[in-house]
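To keep things clear, I will list the structure first and then write my remarks on it.
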Amino acid sequence: MITNYHNKHIIFDLGNVLLPIDFSAPVKAFAEIGLKDFDALYGKIQQSDLFNLLETGKITEQFFRDEMRRISGIAWTDQQIDDAWSAIILDFRKATFDMLEKLAVNESVYLLSNTNSIHFKRYNQQVMDKFREGGLSSYFKKAYYSHDIGLRKPGEEIFQYVLNDLSVKADECLFIDDHPDNIATADRMGFHTYLLSIDERVEELFNV
C-alpha cells in the first residue's frame, strides 16, 4: 500500500503495471505462422535496433513490417505480423480502471509508456470496446507515449521531457514502474518511486 501519494503527480507505467503482458506469447504466435526460432530472429532485430526505432517513432509501421519479412525470410502479411507481435498484449482488468477513475477524482494521474503505434492501436481499441469510448488516454490528465515523444525509458531525457511539459519538479512526482532500470533513472533524478513486483496488482496500492 502506498500512503504518501497525496499532493503528488502520479505517473504510471503501462506494461505489466496497468496492462498485463506476456513476453512469451509472440514467440508462440510467430511459431504458428512459420517462425520456429524466434530467439534467433529477435537477436538480429535487436542488433538492428528495430524495436527501439519503432518505439521512438523513428520508423514507420510499414518499414518495421518489411524488415520483419526481410530478416525472417518469410512472406508474412501485414496482418500476420501485427497479430503475432501484438500477442504480447493481454486483457486489461476492470479493477485497474476503477482504481484510476477513483484516484483521478482527487489526484493528478499520468501515463508514461515505452510503446509503439502497432501495439497502441491494439490495446487502445480494447479500452474503447470494453471500458470507455475515449480510449486509454482519457483516464489520465495526460498520457505520454514513447512513439509520440521520440524518447524512451530508461533514458533521463524522457523523464525530463515530462517534467518540463508539466512544469513540475521530480520530487513532486510519484513514478510507478515494474522495470528496475526505469526506477533507477527516476530515483537518480529525484522522483518518488515504487517498483511494482510481479506478485502485486497496481489497484491494490492505493486506498481509494
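For reference, positions follow the sequence shown, starting with 1. Side chains included, hydrogens not; waters and symmetry mates left out as well; all remaining heavy atoms used. Source: prediction; values computed, not measured.
Residues satisfying the side chain to side chain donor-acceptor pair (under 3.5 Å) test with Y145, not counting sequence neighbours, are S137. Residues that satisfy the side chain to side chain donor-acceptor pair (under 3.5 Å) test with E204, not counting sequence neighbours, are absent from this structure. Remark: H147 pairs with no residue by the side chain to side chain donor-acceptor pair (under 3.5 Å) rule, at least two apart or across chains. Y144 meets the side chain to side chain donor-acceptor pair (under 3.5 Å) test with D165; sequence neighbours excluded.
Taken together through direct or relayed side-chain contacts under 4.5 Å among Ile, Leu, Val, Met, Phe, Trp and Tyr, L103 and I11 form parts of separate hydrophobic clusters. I81 and F63 end up in the same hydrophobic cluster when Ile, Leu, Val, Met, Phe, Trp and Tyr side chains are linked at under 4.5 Å. Residues L35 and F64 share a single hydrophobic cluster, defined by chaining ILVMFWY side chains whose heavy atoms lie under 4.5 Å apart. V162 and L100 fall into different hydrophobic clusters, where Ile, Leu, Val, Met, Phe, Trp and Tyr are joined by side-chain heavy atoms under 4.5 Å apart, directly or via other members. If you chain together hydrophobic residues whose side chains sit under 4.5 Å apart, I88 and F30 never meet in one group.
The pair R65-E61 meets the salt-bridge criterion, with a side-chain N (NZ, NE, NH1 or NH2) lying under 4.0 Å from an Asp/Glu carboxylate O. Here D66 does not pair with R70 in a salt bridge; the nearest charged N to carboxylate O distance is not below 4.0 Å. D83 and R122 are joined by a salt bridge, as a carboxylate oxygen and a charged side-chain nitrogen come within less than 4.0 angstrom of each other.
Geometrically, R132 does not engage F97 in a cation-pi contact defined by less than 6.0 Å to the ring centre and at most 45° from the axis.
At distances below 3.5 Å, at least one donor-acceptor pair connects side-chain atoms of R69 with backbone N or O atoms of W76. At least one donor-acceptor pair closer than 3.5 Å links the side chain of N116 to the backbone N or O of H119. In this structure, the side chain of Q126 engages the main chain of L90 through a donor-acceptor pair within 3.5 Å.
For G155 against F159, the heavy-atom pair with the smallest separation is O-CD1, 3.3 Å. Contact between K58 and G150 at its shortest, heavy atoms only, is NZ-O, 2.8 Å. What you find for A87 and P26 is that their closest heavy atoms are CB-N, 4.2 Å. Contact detail for A186 and T193: the closest heavy-atom pair is CB-CG2, 3.6 Å. The two residues V17 and F12 have their closest heavy-atom pair at CG1-CD2, 4.3 Å. Between T56 and N52, the closest heavy-atom pair is OG1-O, 2.8 Å.
In this structure, H6 NE2 and T3 OG1 are separated by 8.0 Å, a value rounded to the nearest 0.5 Å. The structure places OG1 of T115 at 11.5 Å from NZ of K121, a figure rounded to the nearest 0.5 Å. Note that CE of M68 is 7.0 Å distant from CH2 of W85, once rounded to the nearest 0.5 Å. To the nearest 0.5 Å, atom OG of residue S113 and atom CZ of residue F140 are 9.5 Å apart. Taken from OG1 in T60 to CG in L54, the straight-line distance is 8.5 Å, to the nearest 0.5 Å. For the atom pair OG1 of T77 and CD1 of I33, the computed distance is 7.5 Å after rounding to the nearest 0.5 Å.
Apart from I198 itself, the hydrophobic cluster it occupies contains nothing, where clustering links Ile, Leu, Val, Met, Phe, Trp and Tyr at side-chain heavy-atom distances under 4.5 Å.
Contact check for E203 versus T96: side-chain heavy atoms found under the 4.5 Å cut-off. Within the 4.5 Å cutoff, no side-chain heavy atoms of F92 are placed close to those of K130. For the pair L166 and Y110, the minimum side-chain heavy-atom distance is below 4.5 Å.
The side chain to side chain contact (heavy atoms under 4.5 Å, CB included) with D178 is formed by just one residue from the set N16, V202, I21; it is N16. Partner L18 forms a side chain to side chain contact (heavy atoms under 4.5 Å, CB included) with one of L136, L111, D13, L196 and no other, that one being L111.
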Between Y194 and E200, is a side-chain contact (heavy atoms from CB on, under 4.5 Å) present by the stated rule, with each step listed?
CA-CA 11 Å; Y194 189 90; E200 292 179 299; 2.4 Å; yes
For R201 and R93, run side-chain contact (heavy atoms from CB on, under 4.5 Å): C-alpha distance rounded to whole Å, both residues' side-chain angles, the deciding distance at 0.1 Å, then the answer.
CA-CA 10 Å; R201 288 196 168 187; R93 297 184 297 269; 3.3 Å; yes
Distance-only check: which donor-acceptor pairs under 3.5 Å involve side-chain atoms of residues 170-177, not counting sequence neighbours?
unit_1	atom_1	unit_2	atom_2	d
E172	OE1	K169	N	2.8
D177	OD1	H179	N	2.7
D177	OD1	N182	ND2	3.3
D177	OD2	K153	NZ	3.0
D177	OD2	N182	ND2	3.3

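Environment of CD in E133: sparse, with no more than 12 heavy atoms of neighbouring residues, nucleotides or ligands closer than 6.0 Å. Other residues, nucleotides and ligands contribute over 12 non-hydrogen atoms within 6.0 Å of the CG atom of N164.
Checking S146 against E55 by side-chain atom types alone, no donor-acceptor pair falls below 3.5 Å.
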